[in-house]
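This report concerns only the one structure given below.
Sequence positions, counted from 1, serve as the residue numbers for this chain.
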Amino acid sequence: MGPKPSFFPLKPVVPRADWTVYFVYAPDGLLTPAHCFTLSRLRDLGMNLFVVCATRTVGEVPEALAAYADALYWKALRGFDFSAYALALNVIARQSPHARVLLLNDSVFGPFVDVRHRIDGAPWDLTGFTASSRIENHVQSYSFVIKDVTRARVRSLWPVFFPRISLNTHVAVTLCQETRLARVAARSMSVGAYWYADAGKMSDPVLVRPFELLDAGFPFLKKSLVGKHSRFNPENAAEAYLAMQRHPLERPL
């Protein structure tokens, strides 16, 4: 546990009915081919794009982001994606209240299909793409939608989107933020997900059944399938799918 990361606005948020928040982690100050693919796809879909970029210093934010982003904030490296989500939600609540917000981190490739109907038709106040019962019933945090973002709604989520502190290990973020988000949110809003997996049968749906999900209209592919979780990627199926989508091959750690 430590202080929340420093941040700085490079392009301010203005009132919009919808925002897509994309968290870009760029410790070396460089965009990856996957970042550029995602940014281009979201731009082509006509989405209002709010990029939160984490680099060592504000001067290292890649200049190319300004051309993609309608709003752009720098944040310091610590805090993982939940600190970026907290920053964006607080800014939107103040400067674009009542917006519907898609939050997305850079742990996935895609989107490979049009996600607008999943956002426009989100049936719950907080709608995840996938959910799992691992640890407890929870929405997986690589991407989800929150409707009607206001100061009161964000305040109700402070137990997971901490206003003054941040956590800086993967395990801490998973146990104290990701897996608690649905439970905390359900105290004040409706919560659900498009796809659900019983952890007694399947550890992680986006790793264990990625292509069945894609066939069912799921828009993303986990980057770790060609990285640390490549054991879930028999016969380089993920690489073949990326090639079919004309996505540049990238092997994250």
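- Residues F7 and V13 are members of one and the same hydrophobic cluster, defined by side-chain heavy-atom contacts under 4.5 angstrom among Ile, Leu, Val, Met, Phe, Trp and Tyr.
- Listed for the Y85 side chain is a donor-acceptor partner under 3.5 Å among the backbone atoms of S141.
- Here CD of Q177 is found 8.0 Å from CG of D81. Values are rounded to the nearest 0.5 Å.
- Closest approach of P111 and F37 over heavy atoms only: O-CE2, 4.1 Å.
- For the residue pair V51 and A69, the shortest heavy atom distance occurs at CG2-CB, 3.8 Å.
- In this structure a side-chain-to-backbone donor-acceptor pair under 3.5 Å is present from T179 to T174.
- Taking OG of S224 as the start and OH of Y142 as the end, the distance is 11.5 Å to the nearest 0.5 Å.
- Not one N or O on the side chain of S132 forms a donor-acceptor pair closer than 3.5 Å with the backbone of A199.
- Within the model, atoms CZ of F220 and CZ of F112 stand 9.5 Å from one another, a figure rounded to the nearest 0.5 Å.
- D70 places a side-chain N or O within 3.5 Å of a backbone atom of L49 that can act as its donor or acceptor partner.
- At a threshold of 4.5 Å between non-hydrogen side-chain atoms, the residues L157 and M189 count as touching.
- A donor-acceptor pair is defined here as one N or O able to donate and one able to accept, closer than 3.5 Å; no such pair exists between the side chain of T150 and the backbone of A93.
- There is a path of hydrophobic side-chain contacts, each under 4.5 Å, that joins L181 to V173.
- Of all the heavy atoms in R183 and E136, the pair that sits closest is NE-OE1, 2.8 Å.
- The shortest distance between side-chain heavy atoms of N90 and P163 does not fall below 4.5 Å.
- With rounding to the nearest 0.5 angstrom, the CG atom of L104 is 8.5 Å from the CE atom of M47.
- S166 places a side-chain N or O within 3.5 Å of a backbone atom of P3 that can act as its donor or acceptor partner.
- Residues L225 and L207 approach most closely at CD2-O, 3.8 Å, considering heavy atoms.
- With hydrogens and angles ignored, the 3.5 Å screen pairs no side-chain donor or acceptor of K223 with any backbone N or O of A34.
- Grouping Ile, Leu, Val, Met, Phe, Trp and Tyr by side-chain contacts under 4.5 Å, direct or through others, puts L175 with I135, V171.
- Taking a cutoff of 4.0 Å between a charged side-chain nitrogen and a carboxylate oxygen, R100 and D18 qualify as a salt bridge.
- Considering OG1 of T55 and CG of L65, their distance stands at 9.5 Å, rounded to 0.5 Å.
- When only modelled atom types and interatomic distance are considered, N105 and Y25 share no side-chain donor-acceptor pair under 3.5 Å.
- Here the side chains of Y196 and N137 are in contact, with some heavy-atom distance below 4.5 Å.
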Report the C-alpha distance between F50 and Y73 in whole Å, list the side-chain angles of each, state the deciding distance to 0.1 Å, and finish with yes or no for ring pair (Phe, Tyr, Trp, His ring centres under 6.0 Å).
-> CA-CA 8 Å; F50 180 175; Y73 269 64; 5.5 Å; yes

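- Nearest heavy atoms, V154 versus L89: CG2-O, 3.7 Å.
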Before giving the answer on side-chain contact (heavy atoms from CB on, under 4.5 Å), spell out for K4 and I165 the whole-Å C-alpha distance, their side-chain angles and the decisive distance to 0.1 Å.
-> CA-CA 4 Å; K4 70 177 183 180; I165 64 168; 5.9 Å; no

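- Salt bridge annotation for R41-D114: absent, with no cationic side-chain nitrogen under 4.0 angstrom from a carboxylate oxygen.
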Evaluate the criterion side-chain contact (heavy atoms from CB on, under 4.5 Å) for residue pair E178 and F82; output intermediate values, then yes/no.
-> CA-CA 8 Å; E178 179 180 39; F82 268 78; 4.0 Å; yes

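- At least one side-chain heavy atom of Y68 sits under 4.5 Å from a side-chain heavy atom of C36.
- Contact of the R118 side chain with the P219 side chain is not registered, since no non-hydrogen atoms from C-beta on lie closer than 4.5 Å.
- The aromatic rings of Y194 and W124 lie perpendicular to each other, with more than 60° between the two planes, well past the 30° mark.
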May I have the step-by-step check of side-chain contact (heavy atoms from CB on, under 4.5 Å) for D204 and F232, ending in yes or no?
-> CA-CA 10 Å; D204 186 333; F232 295 109; over 6 Å; no

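- Side-chain contact between R231 and H229 is present, with at least one heavy-atom pair separated by less than 4.5 Å.
- By the 4.5 Å heavy-atom criterion applied to side chains, V115 and T20 are not counted as neighbours.
- With hydrogens and angles ignored, the 3.5 Å screen pairs no side-chain donor or acceptor of R56 with any backbone N or O of G29.
- Hydrophobic clustering, with ILVMFWY side chains joined whenever heavy atoms are under 4.5 angstrom apart, keeps F129 apart from V113.
- Across V149, L102, L103, N48, a single residue satisfies side chain to side chain contact (heavy atoms under 4.5 Å, CB included) together with W19, and that is N48.
- Side-chain atoms of T127 never come within 3.5 Å of backbone atoms of A193 as a donor-acceptor pair (strictly under, hydrogens ignored).
- Contact annotation: the side chain of T32 approaches that of H35 to within less than 4.5 Å [non-hydrogen atoms, C-beta and beyond].
- Follow the hydrophobic side-chain contacts under 4.5 Å out from V191 and you reach V160 in the same cluster.
- Note on Y241: it clusters hydrophobically with V208, by side-chain heavy-atom contacts below 4.5 Å among ILVMFWY residues.
- Aromatic ring orientation, F161 versus F144: parallel (interplanar angle below 30°, classes split at 30° and 60°).
- Nearest heavy atom pair, residue M1 against residue R78, reads C-NH2, 4.1 Å.
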Mind running side-chain contact (heavy atoms from CB on, under 4.5 Å) on F218 and T130 for me, showing each step along the way?
-> CA-CA 9 Å; F218 181 69; T130 53; 3.9 Å; yes

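- L87 CG to K75 NZ: the interatomic distance, rounded to the nearest 0.5 Å, is 8.0 Å.
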